[in-house]
Amino acid sequence: MKNLETYRQKNIEAIHKKELAILCAIRDICDRHNIDYWLDGGTCLGAVRHGGFIPWDDDIDIAMRKDDIKRFVEAAKTELPEGLFLQTRDTDPSYNSPITKVRDTNSFMVEYGDDFSKPYQKGLFVDIFPMIPYPNFSRSACKRITKGYCKANGVLNKPHTYSWRSVAELFWFGAKKACYLLSWKISCLLHKKGTYYSNTLAENGYGIMHRTDSIFPVKPIVFEGETFSGPANPDAYLTDLYKDYMQLPPEEKRKGHAVFYIDKLV
């Protein structure tokens with residue numbers, strides 16, 4: 001395990017370089033088609049706190065409106081540079097995530113949870129998270145519904161072997177998922193939308209809500225010497241995500257997401 005961590009640290013700069021190139025290609029397509037996107041999660045945090053990658057981070061996250069992702073996908077199908085692959089459930093049938101990715105095909109990354117029984121593309125990538133308007137309900141209601149839905153959804157989507165326990169889990173968590181989804185739909189009917197924005201229901205396991213005016217209009221932000229789009233108010237956005245975001249985590253938590261990676265295959 002120690003040798004693996006040494007390998008990751010030695011090669012992370014090469015990983016960062018490739019992922020930055022993917023991000024630049026995405027930015028260029030979005031600029032040509034007037035598609036709003038913004039640095040999200042640890043990538044936005046890295047831009048503000050480090051001027052680029054968090055030193056131990058090994059991925060890039062951006063966000064778009066869910067409807068804009070459809071526009072991006074159509075443009076990317078013909079405009080991505082050679083060597084980059086647009087990964088969706090349509091373009092890669094064995095890929096089972098709702099998150100759109102742009103992958104570098106001349107690289108390899110192993111993440112926790114990767115399924116090697118399926119041949120989906122596993123190159124280095126940039127995640128594109130879909131964002132939607134939220135009903136104007138309380139943050140506590142948001143956490144209760146989104147966290148509950150995500151927990152139930154996660155249980156239902158993990159691999160199951162036949163047993164009475166797994167059958168009971170499917171019924172129990174299936175009912176819970178349906179209840180949380182109904183609560184969400186009722187909230188959307190009873191409350192106006194527009195004040196808040198966040199991830200789609202299935203991707204909001206932390207129960208985060210951003211004020212819409214903390215995201216839009218997006219504004220320039222510098223990341224690794226390149227200019228990209230960031231949220232309108234990065235301080236408010238990052239406070240929603242991390243609270244005291246300028247505080248470095250303990251050393252034992254300064255780890256990336258990948259188990260293993262290779263920046264160049266041939």
Side-chain angles (χ1 to χ4, degrees), residues 1-27 30 37-64 84 97 99-104 107-114 122-131 198-199 203-208 210 214-215 218-264:
M1 196 68 178
K2 184 178 180 180
N3 289 338
L4 185 57
E5 183 58 33
T6 301
Y7 172 87
R8 285 197 294 252
Q9 292 174 2
K10 182 179 178 181
N11 289 277
I12 198 164
E13 286 190 13
I15 300 305
H16 287 171
K17 184 176 180 180
K18 275 220 164 178
E19 291 174 341
L20 181 63
I22 300 172
L23 181 59
C24 287
I26 293 171
R27 173 198 60 192
C30 290
Y37 73 95
W38 59 97
L39 303 191
D40 187 31
T43 308
C44 185
L45 173 58
V48 171
R49 195 171 69 192
H50 303 274
F53 284 97
I54 297 172
W56 54 89
D57 202 6
D58 51 26
D59 70 350
I60 289 179
D61 298 327
I62 66 172
M64 292 182 194
L84 297 185
S97 170
I99 305 303
T100 299
K101 297 178 186 284
V102 176
R103 295 222 187 224
D104 173 85
S107 60
F108 181 69
M109 175 180 277
V110 181
E111 295 186 283
Y112 293 100
D114 266 329
K122 297 179 178 70
L124 297 171
F125 62 87
V126 169
D127 272 325
I128 306 175
F129 288 96
M131 295 280 204
S198 196
N199 295 84
E203 295 300 321
N204 196 1
Y206 293 104
I208 302 296
H210 300 289
S214 75
I215 302 175
V218 296
K219 71 175 188 179
I221 191 169
V222 175
F223 181 85
E224 294 293 333
E226 294 276 352
T227 301
F228 300 99
S229 293
N233 185 342
D235 176 66
Y237 193 84
L238 291 171
T239 299
D240 288 337
L241 290 171
Y242 304 110
K243 306 304 180 189
D244 185 10
Y245 62 87
M246 294 302 288
Q247 181 69 40
L248 291 173
E251 284 194 26
E252 63 271 16
K253 292 188 176 181
R254 298 177 190 179
K255 297 179 180 179
H257 304 282
V259 180
F260 178 73
Y261 38 62
I262 301 173
D263 71 296
K264 187 179 294 185

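Throughout, residue positions are numbered sequentially from 1 according to the sequence presented.
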Using the side-chain contact (heavy atoms from CB on, under 4.5 Å) rule, take Tyr112 and Val259 through it: C-alpha gap first, then chi angles, then the decisive distance, then the call.
CA-CA 7 Å; Tyr112 293 100; Val259 180; 3.7 Å; yes
Lys122 side, atom NZ; Phe108 side, atom CZ - distance, nearest 0.5 Å:
7.0 Å
Do Lys219 and Pro234 have side chains that approach each other closer than 4.5 Å (heavy atoms only, starting at C-beta)?
yes
When rounded to the nearest 0.5 angstrom, what distance separates CG in Asp244 from CG in Leu238?
11.5 Å
Residues in side chain to side chain contact (heavy atoms under 4.5 Å, CB included) with Asp61, at least two apart?
Asp40, Thr43, Asp59, Asp127, Phe129
When rounded to the nearest 0.5 angstrom, what is the spacing between CD1 in Ile215 and CE in Met131?
5.5 Å
Residues Ile128 and Ile99: closest non-hydrogen pair is O-CG2, 3.7 Å
Of all residues at least two apart in sequence or in a different chain, which pass the side chain to side chain contact (heavy atoms under 4.5 Å, CB included) check with Ser214?
His210, Arg211, Asn233, Ala236, Tyr237
For Asp114, all residues meeting side-chain hydrogen bond (donor to acceptor under 3.5 Å, both in side chains), sequence neighbours excluded:
Tyr120
Sequence-distant partners of Phe223, ring-ring contact (aromatic ring centres under 6.0 Å, His included), two or more places apart:
Phe53
Residues in salt bridge (Lys or Arg N to Asp or Glu O under 4.0 Å) contact with Glu111, at least two apart in sequence or another chain:
none
Got a sec, which residues hit side chain to side chain contact (heavy atoms under 4.5 Å, CB included) with Asn204, two or more places apart in sequence or on another chain?
Tyr134, Cys142, Thr146, Ser198, Asn199, Ile208
Which pairs pass side chain to side chain donor-acceptor pair (under 3.5 Å) with one or both residues in residues 245-260, sequence neighbours excluded?
Asp235-Tyr245
Nearest-0.5 Å distance that lies between atom CD1 in Ile26 and atom NZ in Lys101
11.0 Å
Ignoring hydrogens, what is the shortest heavy-atom contact between Ser107 and Asp263? Give both atom names and the distance.
CB-O, 3.6 Å
Taking all non-hydrogen atoms of both residues, which atom of Ile54 and which atom of Gly46 are closest, and how far apart?
CG1-CA, 3.8 Å
If you look at every heavy atom in His16 and Pro55, which pair is closest and at what distance?
CE1-O, 3.8 Å
Please check: side-chain N/O of Arg27 versus main-chain N/O of Phe228, any donor-acceptor pairing under 3.5 Å?
no
Which residues share a side chain to side chain contact (heavy atoms under 4.5 Å, CB included) with Glu13, sequence neighbours left out
none
For Gly52 and Glu224 the tightest heavy-atom approach is CA-OE2, 3.3 Å
Of all residues at least two apart in sequence or in a different chain, which pass the salt bridge (Lys or Arg N to Asp or Glu O under 4.0 Å) check with Asp104?
Lys18
Who passes ring-ring contact (aromatic ring centres under 6.0 Å, His included) against Phe260, sequence neighbours left out?
Tyr7
Could you state the interatomic distance from SG (Cys30) to CG (Leu23), rounded to the nearest 0.5 Å?
9.5 Å
Going through the checks in order, is the side-chain contact (heavy atoms from CB on, under 4.5 Å) test met by Ile221 and Val48?
CA-CA 8 Å; Ile221 191 169; Val48 171; 4.2 Å; yes
Are the side chains of Glu19 and Met109 in touch, meaning some heavy atoms are under 4.5 Å apart?
yes
Distance (rounded to the nearest 0.5 Å) between Ile15 CD1 and Leu20 CG
13.0 Å
Run the side-chain contact (heavy atoms from CB on, under 4.5 Å) check on Leu241 and Leu45 step by step: do they pass?
CA-CA 9 Å; Leu241 290 171; Leu45 173 58; over 6 Å; no
So, the side chain of Arg8 versus the backbone of Trp56: is there a donor-acceptor pair under 3.5 Å, distance only?
no
